[in-house]
Amino acid sequence: MIQRKSKGFYGGIQMFLPFVVAAGFGSVLLGYANGDKRPASHPVPSVQPQVIAQDDDATTKNPTTNFDEHLPAKADPVEDYKAALSLIQKNYYGKTFDAKTKRQLTYEAIRGMLFSLRDPFTGFLDPDEWTQMQATTRGNFEGIGAVLQQEGTEVKVVEPFENGPAETAGIRSDDVILRVDNQPTLGKTVNDVVKLIKGKANTQVHITVLRGKEEKSFTITRARVEAPVVKHWMQDDAAKIGYIRLTEFNEKSVEQLTLAFNDLKKQGMKGLVFDLRGNPGGLLDTAIHVASMFIQRDSQPDLNNVVVHIREGGGVEKRHNLRSADYILDNIPLAVVVNEGSASASEIVSGAIKDYGIGALFGDRTYGKGRVQTLYPLPDDSALRLTTALYFPPKKHDINYKHDDEGNRIPNTGGVLPDVPLEQPETWKGFKDKAGDLQLNTASAYLRLILKGTSKEDALKAVSKDLPKKAVKVADTGKNANRR
């Protein structure tokens, strides 16, 4: 969850999401969840008191007699770092230490320090990651307008933005990027390919792709593009059930949601499926806005219009309340679809909708990330992402997942539990497969019953009864797990 303070943003989205190709303020993150990935390359080594010679020609030195003669008896650990860096620069054999190498050593030291906290949501963002995240969270950037992701040694186009430079030039979903400006890309990471592709508006980039067995080349003029985070359509024309999918909580989310909602209202929408599956989170302020669009103030007096409780260090709590001016649902029946990829800000919104009882939830248990990150920019345009608080839905239940003694996330713990928990069939081919989308179709069936006058309780029972037995999930409370 991103919480804004002075200047800054949250980075690392490439660890969880496909990469959006794109060109200061300490923020606060409701997400993005990064899937508990930890940097295996950054263990924290134990420090030995002296250097051990490996052969007769090696020199043995005791650091306590080598450099601390210039330091006070009990030096600040920061001074130890500076002394160590100085020793490396002066004495390490076989490498020239320029400014770039010194910076990289410092970055690795910061990463190691943060890794020692054993918090998967705390981390360091180098300048490239920081710039990328700022563009992603703003929702617009300069680039070709496409989403990329890594598949083995290949980088593929997930989807070009509608009417964006890439789509206009002819780039399609599933194109494999072979070369960028004649530089081969096979074997490169998605981060590396993004660095080659991104650039200022009105400049050109030449991209060669593999489509099936055929190579195709395109010259694309970069532009300032707005990332589409909302998709919508009329899911059931006869029953007038609309569908809106939100993929991220950024600065453009509320505007795009409002446009989609108003378009469906013009088409006569009477019920709405709101899809948060695979949405890893984003800005706290956006989450408050979105929740307020669907939940009317004073609808549950005992909840005091709270969207989320934030508990900071020392037990200090803050409340973020519904905003009456944002409400647009107008009592339209609502169904929300979630899964394990629904994290952070998605859990704030779905948890609030469930606690206020204004919609029913369908799908999988959500991810279970109830921690807040604050982002602090550093002087060289890098940034720290630090966990600084916990958050709780309106009824104040803990949604954080549990973990074992090794710190690994235990599945089926934490998160927001759907009213109808059900798995997708193995034959489901993804979001384009509407006919095979059991979670979406069950939510739609529920709304059709509601629109016919069936009570919420009876409608939930009816759609649950019609489900294939293997699709219905049994909730695991995880009572035997250790809580972090």
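The figures that follow rest on heavy atoms only: side chains count, while hydrogens, waters and symmetry mates do not.
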Side-chain (Thr388) to main-chain (Gln373) donor-acceptor, under 3.5 angstrom: no
Pair Glu347-Thr366, side-chain hydrogen bond (donor to acceptor under 3.5 Å, both in side chains): steps then yes or no: CA-CA 7 Å; Glu347 293 175 290; Thr366 63; 2.8 Å; yes
Worked check of side-chain hydrogen bond (donor to acceptor under 3.5 Å, both in side chains) between His289 and Asp326: CA-CA 7 Å; His289 270 289; Asp326 295 338; 2.9 Å; yes
Any donor-acceptor N or O pair under 3.5 Å, side chains Asp98, Thr101: yes
Closest contact, heavy atoms only, Thr247 versus Pro280: O-CD, 3.6 Å
Non-neighbouring partners of Lys216 that pass salt bridge (Lys or Arg N to Asp or Glu O under 4.0 Å), sequence neighbours left out: Glu214
Distance-only donor-acceptor check, side chains Glu426 and Trp428, under 3.5 Å: no
Inter-residue atom distance Ile332.CD1 - Leu272.CG, 0.5 Å rounding: 7.0 Å
Test applied, side chain to side chain contact (heavy atoms under 4.5 Å, CB included); reference residue, Ile197; option that passes from Ile207, Ile220, Asp192: Ile207
Approximate separation, where rounding is to 0.5 Å, of Ser253 OG and Asp285 CG: 11.0 Å
Residues Arg224 and Glu142 bridged, charged N to O under 4.0 Å: yes
Chi angles and distances behind the side-chain contact (heavy atoms from CB on, under 4.5 Å) call for Leu276, Phe274: CA-CA 7 Å; Leu276 288 172; Phe274 185 40; 3.8 Å; yes
Partner residues of Asp126 under the side chain to side chain contact (heavy atoms under 4.5 Å, CB included) criterion, sequence neighbours left out: Tyr107, Arg111, Phe124, Asp128, Glu129
Least distance between heavy atoms, Phe362 atom then Ala335 atom: CE1-CB, 3.8 Å
Distance (rounded to the nearest 0.5 Å) between Met293 CE and Leu322 CG: 13.0 Å
Between Thr208 and Ser217: side-chain donor-acceptor atoms closer than 3.5 Å: yes
Pair Glu226-Gln256, side-chain donor/acceptor within less than 3.5 Å: yes
Spacing of CD1 belonging to Ile328 relative to CG belonging to Asn262, to within rounding of 0.5 Å: 6.0 Å
Lys354 atom NZ, neighbour heavy-atom count above 12 within 6.0 Å: yes
Tyr81 versus Thr106, side-chain donor and acceptor atoms under 3.5 Å: yes
Matching residue for Arg385 among Asp119, Thr374, Thr122, Leu125 - test: side chain to side chain contact (heavy atoms under 4.5 Å, CB included): Leu125
Salt-bridge contact Glu159-Lys231 (side-chain N to carboxylate O under 4.0 Å): yes
Mutual orientation of the aromatic rings belonging to Phe121 and Tyr367 [parallel < 30°, tilted 30-60°, perpendicular > 60°]: perpendicular
Backbone N/O of Gln134 and side chain of Thr137: donor-acceptor pair under 3.5 Å: no
Under 3.5 Å donor-acceptor, Thr153 side chain and Gly187 backbone: no
Modelled atom types, side-chain donor and acceptor of Glu248 and Asn279, under 3.5 Å: no
Test log, rule salt bridge (charged side-chain N to carboxylate O under 4.0 Å, His left out), inputs Glu151 and Lys156: CA-CA 7 Å; Glu151 290 192 7; Lys156 296 181 69 173; 3.6 Å; yes
Shortest non-hydrogen separation from Thr413 to Lys402 and the atoms involved: OG1-N, 2.9 Å
Worked verdict on Phe97 versus Leu85 for side-chain contact (heavy atoms from CB on, under 4.5 Å): CA-CA 10 Å; Phe97 284 86; Leu85 183 61; over 6 Å; no
Test item: Thr131 side-chain N/O and Pro127 main-chain N/O as donor-acceptor pair under 3.5 Å: yes
Short side-chain donor-acceptor distance under 3.5 Å, Arg222 and Thr203: yes
Side chains of Asp364 and Gln439, donor plus acceptor under 3.5 Å: yes
Minimal non-hydrogen separation, Phe261 against Leu329, with atom names: CZ-CA, 3.8 Å
pair Leu284-Ile348: side-chain heavy atoms closer than 4.5 Å: no
Pairwise side-chain contact, Tyr327 with Ile295, heavy-atom cut-off 4.5 Å (strictly under): no
Working for side-chain contact (heavy atoms from CB on, under 4.5 Å), residues Asp433 and Thr427: CA-CA 10 Å; Asp433 181 14; Thr427 55; over 6 Å; no
List, one per line, each side-chain donor-acceptor pair under 3.5 Å for residues 170-182, sequence neighbours excluded.
from: Ser173; atom 1: OG; to: Val158; atom 2: O; distance (Å): 3.0
from: Asp175; atom 1: OD1; to: Arg211; atom 2: NE; distance (Å): 2.9
from: Asp175; atom 1: OD2; to: Arg172; atom 2: N; distance (Å): 2.9
from: Asp175; atom 1: OD2; to: Arg211; atom 2: NH2; distance (Å): 2.9
from: Arg179; atom 1: NH2; to: Glu215; atom 2: OE1; distance (Å): 3.0
from: Asp181; atom 1: OD1; to: His206; atom 2: N; distance (Å): 2.9

Donor-acceptor pair, side chain of Lys240 and main chain of Gln267, under 3.5 angstrom: yes
Atom pair CG (Leu196) and OG1 (Thr185), whose distance is rounded to the nearest 0.5 Å: 8.0 Å
Test salt bridge (charged side-chain N to carboxylate O under 4.0 Å, His left out) applied to Asp76 and Lys82, step by step: CA-CA 10 Å; Asp76 186 321; Lys82 292 179 180 178; over 6 Å; no
Close side-chain approach of Asn412 and Ile410, heavy atoms under 4.5 Å: no
Any donor-acceptor N or O pair under 3.5 Å, side chains His232, Arg245: no
Arg409 with Glu340: basic N within carboxylate O range, under 4.0 Å: yes
Under 3.5 Å: donor-acceptor pair, side chain of Asn441, backbone of Ala435: yes
Nearest-0.5 Å distance that lies between atom NZ in Lys318 and atom CD in Glu312: 4.0 Å
Donor-acceptor pair between Gln150 and Glu154 side chains, under 3.5 angstrom: no
Shortest non-hydrogen contact from Gly143 toward Pro165: O-CG, 3.9 Å
Intermediate values then yes/no, side-chain contact (heavy atoms from CB on, under 4.5 Å), Phe431 and Asp275: CA-CA 11 Å; Phe431 286 100; Asp275 195 342; 3.6 Å; yes
Residue pair Leu438 / Thr442: nearest heavy atoms and the distance that separates them: O-OG1, 2.7 Å
Polar side-chain atom of Asn339 near backbone of Gly363 as donor-acceptor pair, under 3.5 Å: no
